[in-house]
There are 2 protein chains.
Amino acid sequence: MTDDDTAPTRLTGLPSWLLTQTAAYAGRLVTDGLASVDARGYHFRVLATLDEYGPASQAALGRRSGIHLSDLVAAINELAARGLVERAPDLDDRRRNVVTLTATGRRQLATLDEQLATVQEQLLTPLSAAERTQLTTLLAKLLAYHRMSS
Amino acid sequence: MTDDDTAPTRLTGLPSWLLTQTAAYAGRLVTDGLASVDARGYHFRVLATLDEYGPASQAALGRRSGIHLSDLVAAINELAARGLVERAPDLDDRRRNVVTLTATGRRQLATLDEQLATVQEQLLTPLSAAERTQLTTLLAKLLAYHRMSS
DNA sequence: TAACAATCGTTGGTACCCCCAACGAAAGTC
DNA sequence: GACTTTCGTTGGGGGTACCAACGATTGTTA
């Protein structure tokens with residue numbers, strides 16, 4: 001019956017397959033790591049963006065974090081419920097909300113940073129330091145290209 | 001207002017972020033490419049697995065393609081509805097179904113192969129030939145490691 | 001200034017991939 | 001014969017990503 005459970009070469013040869021598969025493992029590690037501190041990917045992305053660029057409207061936040069506006073609403077709701085973020089109406093432009101990182105949010109961000117550092121180590125374990133920079137360089141190149149033409 | 005729409009360095013520095021983001025682009029290309037010939041990822045994976053290993057039970061198919069048994073049911077339903085696959089009860093083991101690739105299915109697989117080849121080209125455009133093999137080597141290494149310890 | 005266009009936040013829905021729990025039916029094992 | 005395992009199936013959930021539409025507000029411009 002040859003009941004091997006190894007993948008077809010049709011798949012293992014495709015770069016897109018390798019990418020999405022490894023990304024799936026990476027995603028699982030990230031999701032689990034963040035879940036252990038009651039967070040998920042969107043939360044970190046929002047907090048990190050706020051920390052780096054300062055308070056912003058949801059629209060600007062979405063553009064910078066790459067999160068869809070409609071998904072951002074729920075993410076901010078969850079963050080606000082946890083007291084990590086504050087959402088207040090913008091007095092200068094009454095269409096907007098101003099989202100601000102709280103002190104608690106900044107502490108949580110530090111926790112998430114640690115968690116994610118651990119995850120990176122788990123993810124890249126089999127690679128040498130040189131290989132890791134190789135990988136990030138190549139991925140960054142791909143990302144830059146596709147970010148441009150979109 | 002500095003309304004740049006570029007991502008925070010907090011994110012761009014994380015390998016897991018680079019991976020999942022590039023994978024997102026790759027996934028979009030794959031999804032669109034396959035959708036243009038009325039297919040999706042699971043379909044290709046099933047067809048390719050059948051082509052390489054021959055007729056098999058759904059359980060074996062799931063193990064080899066990495067598709068969850070519960071998801072495989074729907075995928076085979078869709079493939080069978082398109083006449084690309086045949087599902088017949090196994091006479092030797094009446095718990096099993098034997099899934100077989102049809103001639104139409106084999107032709108469709110060829111079409112999908114072409115589509116995906118195009119996608120690989122789109123995906124890897126900014127990389128040289130050497131860089132492409134570098135990338136696939138690194139990804140394969142990561143994948144092998146994480147497949148083991150799971 | 002009045003009409004039009006664009007932006008912002010929100011809601012609700014879709015798609016894909018991945019995973020889990022449970023079940024009846026059929027096989028294998030002791 | 002009881003027990004366990006496998007197989008196919010159903011139903012559900014979660015996370016990421018996207019689209020369409022809407023009221024409200026702002027801007028542009030004729």
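Taking side-chain N and O atoms only, B:R45 has a distance below 4.0 Å to OP1 or OP2 of C:dC18. For C:dC17, neither phosphate oxygen OP1 nor OP2 lies less than 4.0 angstrom from any side-chain nitrogen or oxygen of A:Q21. Remark: A:R96 is not in phosphate contact with C:dT7, judged by side-chain N or O atoms under 4.0 Å from OP1 or OP2. Residue A:Q58 places none of its side-chain N or O atoms closer than 4.0 Å to OP1 or OP2 of C:dT7. The side chain of A:N97 places an N or O atom within less than 4.0 Å of a non-bridging phosphate oxygen (OP1 or OP2) of C:dT10. Close to C:dA27, at under 4.0 Å from its OP1 or OP2, lies no side-chain N or O of B:R95. Proximity of A:R87 to the phosphate of C:dT10: a side-chain N or O atom is located under 4.0 Å from OP1 or OP2.
When the nucleotides C:dC18, D:dT9, D:dC7 are ranked by their closest atom to the side chain of B:V73, D:dT9 comes out on top. The side chain of A:H68 lies closest to D:dC18 when the candidates are D:dC18, D:dT16, C:dT10. Relative to the side chain of B:A59, the nucleotides D:dA17, D:dC7, C:dC8 differ in distance, and D:dC7 lies closest. In this structure, of C:dC18, D:dA20, C:dA21, it is D:dA20 that holds the atom nearest to the side chain of A:S70. Each of C:dG9, C:dC18, C:dC16 was ranked by its minimum atom distance to the side chain of B:R40; first place goes to C:dC16.
Residue-to-nucleotide proximity on DNA chain D shows that, of A:Y42 and B:N77, the 5′-proximal contact is made by B:N77. Across the interface with DNA chain C, nearest-nucleotide mapping of A:A56 and A:A24 shows A:A56 to be the residue nearer the 5′ end. Across the interface with DNA chain D, nearest-nucleotide mapping of A:G66 and A:T31 shows A:T31 to be the residue nearer the 5′ end.
When the C1' atom of C:dC16 is taken as reference, atom CZ of B:F44 falls 17 Å away, rounded to whole Å. The CG atom of A:L61 sits 18 Å away from the P atom of C:dT7 (whole-angstrom rounding). In this structure, CD1 of A:I76 is placed 8 Å from P of C:dG9, rounded to the nearest angstrom. Taking atom CG of residue B:L19 and atom P of nucleotide C:dC17, one finds them 18 Å apart after rounding to whole Å. Computed from coordinates, the A:D93 CG to C:dA6 C1' distance equals 12 Å when rounded to whole Å. Distance CG (B:D71) to P (D:dT9): 13 Å, rounded to an integer number of Å. If you take CG of A:D90 and P of D:dG27, they are 11 Å apart, rounded to a whole angstrom. Regarding A:H43, its NE2 atom lies at a distance of 13 Å from the P atom of D:dG14, rounded to whole Å.
At the heavy-atom level, B:L69 lies under 4.0 Å from base atoms of the strands shown. Contacts of A:G41 with the nucleic acid, taken as non-hydrogen atoms under 4.0 Å apart, involve only primed sugar atoms and P, OP1 or OP2.
By the 4.0 Å N-to-carboxylate-O rule, A:R64 lies too far from A:E52 to be salt-bridged with it. Under the 4.0 Å criterion applied to side-chain N and carboxylate O atoms, B:K141 and A:E131 are assigned as salt-bridge partners.
With rounding to the nearest 0.5 Å, the separation of OH in A:Y25 from CG in B:L142 is 11.5 Å.
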Chi angles and distances behind the side chain to side chain contact (heavy atoms under 4.5 Å, CB included) call for B:V85, B:L47: CA-CA 8 Å; B:V85 143; B:L47 294 179; 3.9 Å; yes

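Counting non-hydrogen atoms of neighbouring residues, nucleotides and ligands closer than 6.0 angstrom, the CD atom of B:E86 reaches no more than 12 such neighbours.
A donor-acceptor pair is defined here as one N or O able to donate and one able to accept, closer than 3.5 Å; no such pair exists between the side chain of B:Q120 and the backbone of A:L14.
Within 3.5 Å, no donor on the side chain of A:R94 pairs with an acceptor on the base of D:dT25, nor the reverse.
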